[in-house]
K.L.:
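I have a structure I would like to understand better, so I am pasting it below and will then ask my questions one at a time.
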Amino acid sequence: MSSFWKFHSSLLSPCRPVLCLIHPNSSQISSMFLLTENSCKAIPLDFVFVIDSSRSIRPNDYEKVKTFIINLLQFLEVGSDATRIGLLQYGSVVQPEFSLNTYTTKAEVEQAVRNMKHLASGTMTGLAIQYTMETAFTEEQGARPKSLHIPRIAMIVTDGRPQDTVEEIAAETREAGIQIFAIGVGRVDMNTLKTIGSEPHLEHVHLVANFSQIETLISVFQSKLCGAEKCDVVDHQCQHICVSSPASYRCKCRKGFTLNPDGKTCKAEDTCAVVDHGCQHICANLPDGYECRCRSGYQPDGKTCKNMDHCADGKHGCEQEFMSTEDSCVCKCRPGFTLHPDGKTCQSDDGIMDLVFVIDGSKSLGPANFELVKQFVNGIVDSLNISRMGTHVGLLQYSTKVRTEFTLNQYSTARDIKQAVTRMQYMGRGSMTGSALRHMYEFSFSAKEGARPNTPRVSIVFTDGRSQDDVSEWATKAKNSGVTIYTLGVGKAIEQELREIASEPDEKHLYYAEDFEKMGEITKKLKSRICTGTLHEAKIHCQTMTKQGLKNTKLEMSDIGFFDKN
């Protein structure tokens, strides 16, 4: 992925550029009210719109974005000595439309907005933010010197997930003096908006269901931009209350607090009385805050208190044995077993595992590529010591629905498994990866379908594109239940989804190939590493071919990672 750009949304502030990043792709704007020309006298701003012009935006929505920008202009006094407006749009690249010193009248800006053409390409939001910070708000592009304290404001409007990262570049943008409002439309992740927006989020982060509702925010912006007092347009950083004066401002504290020497933050006179301290036993005031303390016979653990015998309450959840240490109750395994990373359950060291393939059979693969996937599965099966007492293999295929091709207890030889894989019929519909993970979690590793107790549980999930449903919930449940998940993505697979599915660390449980032609390379890697990448340092028996025939080899699983990006 190319270099990332970031942005954050904040209150207006002197020396802070205004960035309006508009990223629509949502429902209709039913109506937008127009504010009367010069309906208020706003303070001068340097204001840059950054518009998402990706292919996901429909032409009608793109025109509504233009209308939204024009409506925002109605309560700004545009001019070289008043508010200066700049605008750029972006898709896979950044395309400047006009800079802060291009136009000096509102009519010129409005006409330039109407003349914009839709780019209809990617969504490199971070790239656009970096360009805005490094170029759009330079004095060469019309931004006024910081010594004049002209607020620089950024307004980010987005309806989807950027194709690059925004967190670091957004932080840099704020630190450079650019204030950012983050506006989400539709199914936008609120955490992403908060990563973008300035503090306090209550004032700088807004989420509406669709573009029909975005008009309700215009009055909010009017109150902030139109005739605003000093506290409304500076990054005052007052912890509690900002009080405006004709030429400046000052910070105040709420009742029960006193202002610290920094003039910004507040100190509680009785901290334990005014904060939600969460102490289980005792809250003790300190000169610079508070601390939690425990009654006699208990040990502190931050806010909670634990009995000296940490195993006494029986809530340790250890599968086999346990012992109380100075700090906690520690689970142990009997000889011949190894403790899982969950710190509670144990696995046998006898070199077997239960392995379930979860295979994408969606229409985006096509029949030819599906045959390559089947060859890939059989290549992995060749590397395993399949037997009734050894490794067991099951397989699910999914598209819009999930189909169990065979369960863990159905076949006990590699030959039978490979024949079943070869007979597998391509489903060729949608891509409901989340449903497949749910089926794997609820059924594939059940005793009814052949899962064995105290046996490592491993799943290899293959996909070639974005899932049409959520994957994180069921992937998390499966991993928490003791299943180690490896993800293999090909082509248009989404890296973030692969990471959500894969066990941690994801660099050892995730593999990506650009196209199906490289499946052969992947098979070679996995056949050489299947013994070394399964669970928790256990020893897995694998089969290799020698001149004398089939031979069993025992390898340490930590020698090589199962999936990597090399």
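Small disclaimer: the values here were computed from a predicted structure and weren't measured. Side chains included, hydrogens not; waters and symmetry mates left out as well; all remaining heavy atoms used. This chain uses plain numbering: 1 for the first residue, then up along the sequence.
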K.L.:
Name the orientation class of the two ring planes belonging to His206 and Phe181 (parallel below 30°, tilted from 30 to 60°, perpendicular beyond 60°).
P.N.:
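Plane angle under 30°, so parallel.
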K.L.:
For residues Thr123 and Asp52, is any side-chain donor paired with an opposing acceptor at under 3.5 Å?
P.N.:
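There is no such pair (donor and acceptor under 3.5 Å, judged by atom type) between the side chains of Thr123 and Asp52.
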K.L.:
Applying salt bridge (charged side-chain N to carboxylate O under 4.0 Å, His left out), name anything that partners Glu504, two or more places apart in sequence or on another chain.
P.N.:
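Salt bridge (charged side-chain N to carboxylate O under 4.0 Å, His left out) list for Glu504, sorted by chain: empty.
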K.L.:
If the condition is salt bridge (charged side-chain N to carboxylate O under 4.0 Å, His left out), which residues does Arg55 pass it with, not counting sequence neighbours?
P.N.:
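Here no residue qualifies.
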K.L.:
Are there over 12 heavy-atom neighbours, none belonging to Lys66, within less than 6.0 Å of that residue's NZ?
P.N.:
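Atom NZ in Lys66 is packed in, count exceeds 12.
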K.L.:
Quick one: do Asp464 and Lys492 satisfy salt bridge (Lys or Arg N to Asp or Glu O under 4.0 Å)? Show the steps, please.
P.N.:
CA-CA 6 Å; Asp464 83 321; Lys492 296 182 180 181; over 6 Å; no
K.L.:
Any pair with a residue in residues 435-450 that passes salt bridge (charged side-chain N to carboxylate O under 4.0 Å, His left out), sequence neighbours left out, goes on the list, sorted by first then second residue, please.
P.N.:
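Non-adjacent pairs meeting salt bridge (charged side-chain N to carboxylate O under 4.0 Å, His left out): Arg438-Glu442.
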K.L.:
Do the side-chain sulfurs (SG) of Cys329 and Cys318 come closer than 2.5 Å?
P.N.:
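The sulfur gammas are not closer than 2.5 Å, so no.
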K.L.:
Side-chain contact, heavy-atom cut-off 4.5 Å: Thr404 with Phe443?
P.N.:
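Sidechains of Phe443 and Thr404: no contact.
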K.L.:
Under 3.5 Å, side chain of Asn369 to main-chain N/O of Leu372, donor-acceptor pair present?
P.N.:
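Checking the backbone N and O of Leu372 against the side chain of Asn369, no donor-acceptor pair under 3.5 Å is found.
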K.L.:
Hey, is the main chain of Gly465 close enough, under 3.5 Å, to the side chain of Thr463 for a donor-acceptor pair?
P.N.:
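Indeed, once roles are kept as given, a pair shorter than 3.5 Å links the two residues.
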K.L.:
Report yes if some heavy atom in the side chain of Ile51 is under 4.5 Å from a heavy atom in the side chain of Glu97; otherwise report no.
P.N.:
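They are not in contact (no side-chain heavy atoms under 4.5 Å apart), so the answer is no.
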K.L.:
Return the orientation label for the Trp474 and Tyr441 ring planes: parallel under 30°, perpendicular over 60°, tilted otherwise.
P.N.:
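Tilted, since the angle between the ring planes falls between 30° and 60°.
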K.L.:
Heavy atoms, side chains only, cut-off 4.5 Å: are Phe445 and Met440 in contact?
P.N.:
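Counting from C-beta outward, Phe445 and Met440 do come under 4.5 Å.
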K.L.:
Can you see whether Thr433 engages Tyr398 through a side-chain donor-acceptor pair at a distance of less than 3.5 angstrom?
P.N.:
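Yes, Tyr398 and Thr433 have a side-chain donor paired with an acceptor closer than 3.5 Å.
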